Amino acid sequence: MPKNSKVVKRELDDEVIESVKDLLSNEDSADDAFKKSELIVDVPEEKDTDVVERSEVKDARPAWNSKLQYILAQVGFSVGLGNVWRFPYLCQKNGGGAYLLPYLILLLVIGIPLFFLELSVGQRIRRGSIGVWNYISPQLGGIGFASCVVCFFVALYYNVIIGWSLFYFSQSFQQPLPWDQCPLVKNASHTFVEPECEKSSATTYYWYREALNISTSISESGGLNWKMTICLLAAWVVVCLAMIKGIQSSGKIMYFSSLFPYVVLICFLIRALLLNGSVDGIRHMFTPELEIMLEPKVWREAAAQVFFALGLGFGGVIAFSSYNKRDNNCHFDAVLVSFINFFTSILATLVVFAVLGFKANVINEKCIAENSEMIIKLVKMGNISQDIIPHHINFSAITAEDYDLIYDIIQKVKEEEFPALHLNACQIEDELNKAVQGTGLAFIAFTEAMTHFPASPFWSVMFFLMLVNLGLGSMFGTIEGIITPVVDTFKVRKEILTVICCLLAFCIGLIFVQRSGNYFVTMFDDYSATLPLLIVVILENIAVSFVYGIDKFMEDLKDMLGFTPNRYYYYMWKYISPLMLLSLLIASIVNMGLSPPGYNAWMEDKASEKFLSYPTWGMVICISLMVLAILPIPVVFIIRRCNLIDDSSGNLASVTYKRGRVLKEPVNLEGDDASLIHGKISSEMSSPNFGKNIYRKQSGSPTLDTAPNGRYGIGYLMADMPDMPESDL
């Protein structure tokens, strides 16, 4: 260290940095030579033992116990309820087996590249969503806050669905199942079937009346449903206990919550394949309708499903990957988790349509029996001649083929009078064409199918326990997308924050367990996440590809992974993915504009659903949900762009890393505007561990090996230099 500190200071000012802000913003507008220069770090050998590290590290970042635990966490987050009750519906609706082709193409174009991008930035910077995007582009730091807001909105109603599943799970330990038959109503004179149930079905009645006790409109609150309130409380208690220690507690639960659904799905598939009609359901499912595949709507819905199936934009992917080792092969993880998600959707589709095929076969047999009795009555009454009935047909044991033959004969002979006979065709395809999704599939269609299973309570317990586990896996990632960035940013205790977050979410979530709560779930599902998440992911792509620089990002990946990712990702991130996402955003906005905002209300007197428009206050809530989710992005941008908050007295927190763990915390520097509003915060800086000798080497000179933490930007913040007084900076 030269004696003349002023000379050292001047040399550093001229050759190394212009200001702390330039370093943090990855900008240097004055010195071209500086832009072309390289930072050379001469780190003297030092004793580096685990004992020394443990004494230095007071707040080491947690890490996954094993690679398997991490993969199961990512799989549990990405594989959720949508794989079971959304993908099969889209597959049936959009051409059967032909739908798989556009889905697979869009998985390769949008899904895997963007999933790989989120895994990479989380693992590289080792922070949650707020810290990551503050680091990459301070002016776009609002992306992380927007992700947290969306995660909170989704967690509010997603846990309600887990509560519903817990209720059905608790009611499944009965023989027969409580939704097996319509209840009987007794009065003074006689006993009769509940009219609302008689007009619909036993499972439909149980869902709307016994479980939800639903009101007839969103404006009619009806008070709290105490059964669902208890189930919602239980769901939040489970989530809180699982998340209170972060990945140390939730990681262990992942072994069960992520693997158990696969055990159930495989058991269901094997059992369903042994039942009559299951093959008909699978055949109907995968019969391709190639002409539908060319419709733009199919590609839009496939893109949206790919986008949401992988959990892009929520911050959970980034949070989970931030606990990885820095040399972890996240490219392999991205491909593996994406295809596990895809094949899980295929498995779930096979199970759903095998079970629905069995259900359709049962209903079809019932239809044939009822219509056969009608034909016998019509023959006895003389409306149909006995001579047209083939002699080999036995009405007491009639088959589907025989009934089709009789139906066709009667239709031809009684061509003009046929409509008055009120005979049904009883085609199994007609029943399979009744597309259902979401709660209609899980709590109505599937529950009805399970009532016909031998040992139906056992299968009901397994099914709803599977739904609970699928939901919990996604909830863990969603809550981690809130907790991790907030803890990293504001340095609060994770246990306290987790309890406060869950308690607040439960209190707000009480609106979903009113009698009108199902309508609020629909509202939040339609408006709180779709558009905001698309905007978030588009800005994530822009921040990395254009603001930070795709070339620099590819170099960072090479430094982190030890190899250069395929050039395919370069073109996807820079050109194809942004255009595809922008197209999807425009298509979603147009579709939302063309679709009248409303919900399907249950009419008790008619025992059927009726579409109602949202009242004025409901429209205000819908718009507010979207605005609140997106609002952090422009607010943070304006504040940082215009420097509206003076932070000249703030502290610059510089952090150095050693083997992926934080070694040194805040260093006070004058003139820092890299706070939460102006730039990067303490938890987001990832500086190399500098030794005593640091100098700037001009381009063209022989280079040394890269620093341990690679290069993020054009310079490093120098920290922990004992021979240089802090004032010299």
Side-chain angles (χ1 to χ4, degrees), residues 85 89 160-161 164-165 167-168 171-172 174 176-187 189-228 356 359-360 362-367 369-371 374 422-426 430-452 456 460 464 512-523 525 596 598-615 618:
W85 67 28
Y89 162 78
V160 175
I161 300 174
W164 293 342
S165 302
F167 174 76
Y168 269 79
Q171 299 298 309
S172 297
Q174 304 178 44
L177 292 170
W179 50 83
D180 184 39
Q181 295 179 348
C182 287
L184 298 176
V185 179
K186 296 181 180 179
N187 59 17
S189 57
H190 63 284
T191 302
F192 57 94
V193 176
E194 171 65 47
E196 185 181 2
C197 183
E198 191 175 21
K199 294 176 184 177
S200 53
S201 69
T203 52
T204 304
Y205 172 82
Y206 191 86
W207 166 242
Y208 283 115
R209 189 56 50 212
E210 297 293 337
L212 299 181
N213 193 20
I214 199 165
S215 61
T216 54
S217 74
I218 196 171
S219 301
E220 183 185 340
S221 168
L224 290 178
N225 181 341
W226 67 268
K227 292 180 289 188
M228 289 305 170
L356 292 183
K359 170 176 170 281
V362 171
I363 293 175
N364 197 56
E365 289 179 352
K366 184 178 179 181
C367 175
E370 291 175 351
N371 282 268
M374 289 180 62
H422 302 293
L423 294 176
N424 293 321
C426 296
D430 295 338
E431 188 65 31
L432 289 171
N433 281 328
K434 296 178 181 179
V436 288
Q437 65 166 325
T439 55
L441 174 64
F443 299 110
I444 298 177
F446 223 85
T447 52
E448 183 177 350
M450 286 185 295
T451 59
H452 302 293
S456 55
S460 182
F464 289 110
F512 302 110
V513 290
Q514 303 174 96
R515 290 183 59 195
S516 59
N518 187 46
Y519 307 138
F520 285 97
V521 170
T522 302
M523 176 191 290
D525 190 37
Y599 59 100
N600 289 317
W602 179 256
M603 299 290 108
E604 183 177 357
D605 54 343
K606 298 179 181 178
S608 62
E609 290 183 335
K610 179 182 179 182
F611 183 82
L612 298 178
S613 298
Y614 287 118

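Sequence positions, counted from 1, serve as the residue numbers for this chain. Reckoned from all heavy atoms, side chains included, excluding hydrogens, waters and symmetry mates. Small disclaimer: the values here were computed from a predicted structure and weren't measured.
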pair [X]-[Y]: side-chain heavy atoms closer than 4.5 Å:
| X | Y | answer |
| --- | --- | --- |
| Trp164 | Leu212 | yes |
| Val193 | Leu184 | yes |
| Arg515 | Ile214 | no |
| Tyr206 | Pro178 | yes |
| Gln171 | Trp179 | yes |

- prompt: What residues, two or more places apart in sequence or in another chain, satisfy side chain to side chain donor-acceptor pair (under 3.5 Å) together with Glu196?
  reply: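 In terms of side chain to side chain donor-acceptor pair (under 3.5 Å), with neighbours along the sequence ignored, Glu196 is linked to Arg209, Trp602.
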Looking only at non-hydrogen atoms, find the nearest pair between [X] and [Y] and report the distance.
| X | Y | result |
| --- | --- | --- |
| Ala202 | Cys197 | CA-SG, 3.7 Å |
| Phe611 | Pro596 | CZ-O, 3.4 Å |
| Cys426 | Asn371 | SG-ND2, 3.5 Å |
| Ile363 | Glu448 | CD1-OE2, 3.9 Å |
| Leu432 | Leu356 | CD2-O, 3.8 Å |
| Met450 | Ser456 | O-CB, 2.9 Å |

- request: For Trp207 and Ser200, run side-chain contact (heavy atoms from CB on, under 4.5 Å): C-alpha distance rounded to whole Å, both residues' side-chain angles, the deciding distance at 0.1 Å, then the answer.
  value: CA-CA 11 Å; Trp207 166 242; Ser200 53; over 6 Å; no
Using modelled atom types only, decide if a donor and an acceptor are shared between the side chain of [X] and the backbone of [Y] within a distance under 3.5 Å.
| X | Y | answer |
| --- | --- | --- |
| Ser215 | Glu220 | yes |
| Asn225 | Lys227 | yes |
| Ser172 | Tyr168 | yes |
| Lys199 | Asp605 | yes |
| Asn364 | Ala360 | no |
| Tyr519 | Tyr599 | no |

- prompt: What do the steps show when you test Phe192 against Glu198 for side-chain contact (heavy atoms from CB on, under 4.5 Å), and what is the final call?
  reply: CA-CA 10 Å; Phe192 57 94; Glu198 191 175 21; over 6 Å; no
[atom2] on [Y] to [atom1] on [X], rounded to 0.5 Å:
| X | Y | atom1 | atom2 | answer |
| --- | --- | --- | --- | --- |
| Glu210 | Glu194 | CD | CD | 8.5 Å |
| Ile444 | Thr204 | CD1 | OG1 | 4.5 Å |
| Ile218 | Asn518 | CD1 | CG | 10.0 Å |
| Phe512 | Met228 | CZ | CE | 14.5 Å |
| Thr522 | Asn600 | OG1 | CG | 7.5 Å |
| Asp525 | Ile161 | CG | CD1 | 6.5 Å |

task: Evaluate the ring-ring contact (aromatic ring centres under 6.0 Å, His included) criterion for residues Phe167 and Phe443: first the C-alpha distance (whole Å), next the side-chain angles of each, then the deciding distance (0.1 Å), finally the verdict.
output: CA-CA 11 Å; Phe167 174 76; Phe443 299 110; 9.4 Å; no
- prompt: Stepwise, does the side-chain hydrogen bond (donor to acceptor under 3.5 Å, both in side chains) test hold for Glu609 with Tyr208?
  reply: CA-CA 10 Å; Glu609 290 183 335; Tyr208 283 115; 2.3 Å; yes
